[in-house]
Each structure stands twice: as structure tokens, then as C-alpha cells.
There are 2 protein chains.
Amino acid sequence: MIDEATAREKVVRAADELFYTRGVQAVGMDAVRSAAGVSLKRIYSLFASKDELIVAVLRYRTEIWDAGLAAAALRATTARERILAIFDFLDAWFREPEFRGCAFINTHGELSASSDAVAGAVREQKSAFQAYVAGLVEALGAPPQLAPQLAILAEGAQTTAAIAGVPDAARQARVAAETLIDAAMR
Amino acid sequence: MIDEATAREKVVRAADELFYTRGVQAVGMDAVRSAAGVSLKRIYSLFASKDELIVAVLRYRTEIWDAGLAAAALRATTARERILAIFDFLDAWFREPEFRGCAFINTHGELSASSDAVAGAVREQKSAFQAYVAGLVEALGAPPQLAPQLAILAEGAQTTAAIAGVPDAARQARVAAETLIDAAMR
DNA sequence: TTGCGCGGAGAACGATCGTTCTCTACGATA
DNA sequence: TATCGTAGAGAACGATCGTTCTCCGCGCAA
């Protein structure tokens, strides 16, 4: 038998991919079981309910997002470049064939009305992103009100790219971000 | 018996409110029937399926959105003010207690993977908004690439306000829009 | 070797969904 | 007035969902 941590990871990874591709409510627990290769009984011994699994998936996505953002920032040398790296990161993501929008925004639209736990997990991730941007803005020495403006650009790029189905929004948001940064530093 | 147009409107209005408040998939056709006071048989004679009703609700929302935007623009005298009126319109909307984010974004996150018709209706509305902004930018005499930047700000403000649960994003996006406009006109 | 406990597979359960069907009542027409 | 068509109310249907339960087989202790 596989150990608990491995089973947990298999379930979360499988659920993440299914939820992201088809939507959360469209995926039954049977489909998660088949994709993960872990029995329903085991799944329910690891997660008390589907809601709890959804929250675990969102936390897993948060880790991936954070790691991707950090990797993109590593390639930058200045604070300004680290901010713009966010939009390069988005650009690369939007071009992936599997891109279907921000999983947090999608899940929020789907379940925030019916699950406080899910809404809370999404809010947490977005608030962490806001804090990340605020840190970069502070390192740049720009006024703090620049940070939410840049975060709004990033959010808007994600929904625009998802709905329009083209990656242009990343580049457009990047240009806007440069303009906002320059104006804030003047 | 009430005439067809009236029945249609009652169903669409009731469905719109229910879908927006609780999410589309969380609302059964029975609930629509009860809220609208129109029998299931009648509903299915007006709409071939729930999917078709969803699309009708999205078109109804589009009309409301367009009318609200037009009313906000009426209060402005210059092209620049008409653009900024978008964000004032968002601000007032975000402060409504019933605000639960953009219905188009929410519905897209919920159903775009399972219904092409729904995804198409959402894409149509967003594309119309982009065209509206592009028209204002052209009237302003600013370079056309300003338009998608402003649209991204508006989209980002909507998701940010919905998830964070506070209306600040409208004001922040408005300030950013002013900066972008000024930079584009220089 | 013989019990025993635990995990896997998936059947079963109760609820709910979208959609259709049945039955009844009423209003218009000849 | 008698008859027919139609609409309303809601039961019914088949599918599917989240969750639990049953049964079977395998690995380990004495």
C-alpha cells in the first residue's frame, strides 16, 4: 500500500487537473478516483468531503503559482524587472494550450456562493498575491498605491485572456504596468 | 394567461437573480419556476433547455450593463470623462450589497468548459465592451493600444472587488486609468 | 497454518438535477 | 350548451452526484 502522503498527492494532483479542465462541479468523485488510482474509501479517509478536497487543491495551486512567480522573478535583476516578470510569467502561461483562466477566479465564480471554505481559500491566495506585489513595489521605492494597480492589471489580464482565448492581454498589461511604474517613479 | 413576451421576461428576470446570487449550477429549474411563477411546461416551451435559458439571461444582463454604462457616460461631457465614468459606474456597482462579481466572468468560470453556447455569449459581451472602450479612446484621440489596457483594468477591478469583498478596486483602477490616459496623450 | 485486520473495488443509497408526462380545469367556438 | 384545445400543477423518470457500506482478498502474528 502507498503511504498517506503519496496517496494525498496523487489525489490532489488528479483532482487539480480534472477540476481545472472541466470545472469543479462537473467532476464527480468517481472521476477523481479513476484518475488518481486511489479508492473512494481512501480518498474519504484523507479528505472529509469534496469541499475539503477542493480547498486542498486550491492550496496546491497556490504553491505552484508561488513557485512559478518566484522562478520568473529569479531571472530579473532589478525590482522593476521583478515586477514586469509577473507579466512575462502570465504571458508564458496564457500560451499554454491547457490554459483555461485562473483556477482561483474560476472556482470562486463557481462556488463562492455555496462554500465559505472555498471562498476563503481563494481570498487568501489573492491577498497573498497582493502582498507579494506590495513587497516588490516597496523594494522599488515607489508609492504603495502602485501595488493594487499592478495587481488589478494582472487579474484583468487573466480573465481577459481566458475569455477571449488569446494571450494578448499579458503583453498589453505589461505595457500598462511599465507606464504606471514610470509615472509613479517620476 | 400571460402573453409570451411577459412570461419570457418573468422567467429571465427570476433566473438572472437566482443564477447571480447562488451560481448557475446551484439553481434548479424548479427554483426558477417558483420564483418566476411560470410553469415548467411553459418555461420549456419558451427555452429548449437550461443552456438556452442561461444564454438568454446573459443577453439580458448585457442589456442592463450597456444601459448602466450609457447612463454613466451621459453624465460626462468630455471623452476623457466618459472613459473615467466606467470606473465610477463600477464603484457604485461594487458598493451594492448584492454585488457578487461580474456575472459573465462567474458564469464563464462555471460553464465555459461544458457549454460552448455559454462561453460564446460571455465572449460576445466582453468583446462588445472592448469595442465600446475602443470607441471612447478613438473619440479621445489617443492611440488605440490604450483601449485594451483600460479594459483590462476594468476586468481586474471586477474580479478583485468580488473576491476581496471590498469596493476599493474601482477607485484604484480609476487612478490607474487616469495615469494611463495622461501618459498616452502626452 | 490459521485467524485477523485492513485496504481496494465498486455496489448501494438517498438526494437532486434536467426534462417529460399525466391529469385536471378552464375558456373559446359552433 | 357541448366539445375541443391548451395551460397549469406537479408527479414521474432516468441520470448523476456525494457519501457510505459490503464484500473479498491479501499480508502479518501466533
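Below, all heavy atoms of this structure are taken into account, side chains as well, without hydrogens, waters or symmetry copies. A note on names: the letters A, B, ... follow the listed sequences, proteins ahead of strands, and every chain is numbered from 1.
Remark: P of dG8(C) and OH of Tyr44(A) are 16 Å apart, rounded to the nearest angstrom. Taking atom CD1 on Ile54(B) and atom P on dT19(C), their separation rounds to 9 Å, with Å as the unit. Between the CG atom of Asp30(A) and the P atom of dA12(C) there is a distance of 14 Å, rounded to whole Å. Atom P of nucleotide dA9(D) and atom CE of Met29(B) are separated by 16 Å, given to the nearest angstrom. The interatomic distance linking Glu110(B) (CD) with dC17(C) (P) rounds to 13 Å, in whole Å. The separation between Gln25(A) atom CD and dG18(C) atom C1' is 15 Å, rounded to whole Å. Rounded to whole Å, the distance from CG on Leu40(A) to P on dC17(D) is 12 Å.
Donor-acceptor pairing under 3.5 Å, judged by distance alone, is absent between the side chain of Lys50(B) and the base of dG18(C). Between the side chain of Arg33(B) and the base of dG8(D) there is no donor-acceptor pair of N/O atoms closer than 3.5 Å.
Closest non-hydrogen pair, Gln149(A) versus Val175(B), comes out as NE2-CG1, 3.5 Å.
Backbone-only engagement by Val27(B) is indicated by non-hydrogen atom pairs under 4.0 Å involving sugar-phosphate atoms exclusively. Within the nucleic acid shown, Ser45(B) has no heavy atom closer than 4.0 Å to any nucleic acid atom.
Checking dT19(D), dT19(C), dA9(D) against the side-chain heavy atoms of Lys41(B) singles out dA9(D) as nearest.
With salt bridges taken as basic N to acidic carboxylate O contacts below 4.0 Å, one links Asp88(B) and Arg174(B). Using a 4.0 Å cut-off between charged nitrogen and carboxylate oxygen, Arg95(A) and Asp91(A) count as a salt-bridge pair.
Judged by distance alone, with hydrogens and angles left aside, the side-chain atoms of Arg42(A) form no donor-acceptor pair with the main-chain N or O of Ala7(A) at under 3.5 Å.
Using a 4.0 Å cut-off, no side-chain N or O of Arg42(B) falls inside it from OP1 or OP2 of dA7(D).
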Counting only pairs under 3.5 Å, give me each side-chain donor-acceptor contact of residues 51-65 of chain A, with atom names and distances, residues two or more places apart or in other chains.
{"residue": "Asp51(A)", "atom": "OD2", "partner": "Ser115(A)", "partner atom": "OG", "Å": "2.6"}
{"residue": "Glu52(A)", "atom": "OE1", "partner": "Ala48(A)", "partner atom": "N", "Å": "3.0"}
{"residue": "Arg59(A)", "atom": "NH1", "partner": "Glu124(A)", "partner atom": "OE1", "Å": "3.3"}
{"residue": "Arg61(A)", "atom": "NE", "partner": "Asp16(A)", "partner atom": "OD1", "Å": "2.7"}
{"residue": "Arg61(A)", "atom": "NE", "partner": "Asp16(A)", "partner atom": "OD2", "Å": "3.4"}
{"residue": "Arg61(A)", "atom": "NH2", "partner": "Asp16(A)", "partner atom": "OD2", "Å": "3.4"}
{"residue": "Thr62(A)", "atom": "OG1", "partner": "Leu58(A)", "partner atom": "O", "Å": "2.8"}

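For CD of Glu81(B), the number of neighbouring non-hydrogen atoms (other residues, nucleotides, ligands) closer than 6.0 Å is greater than 12.
If you check the side chains of Thr77(B) and Arg82(B), you find no donor sitting under 3.5 Å from an acceptor.
Listed by residue number, there are no residues of residues 6-14 of chain B with a heavy-atom contact under 4.0 Å to DNA chain D.
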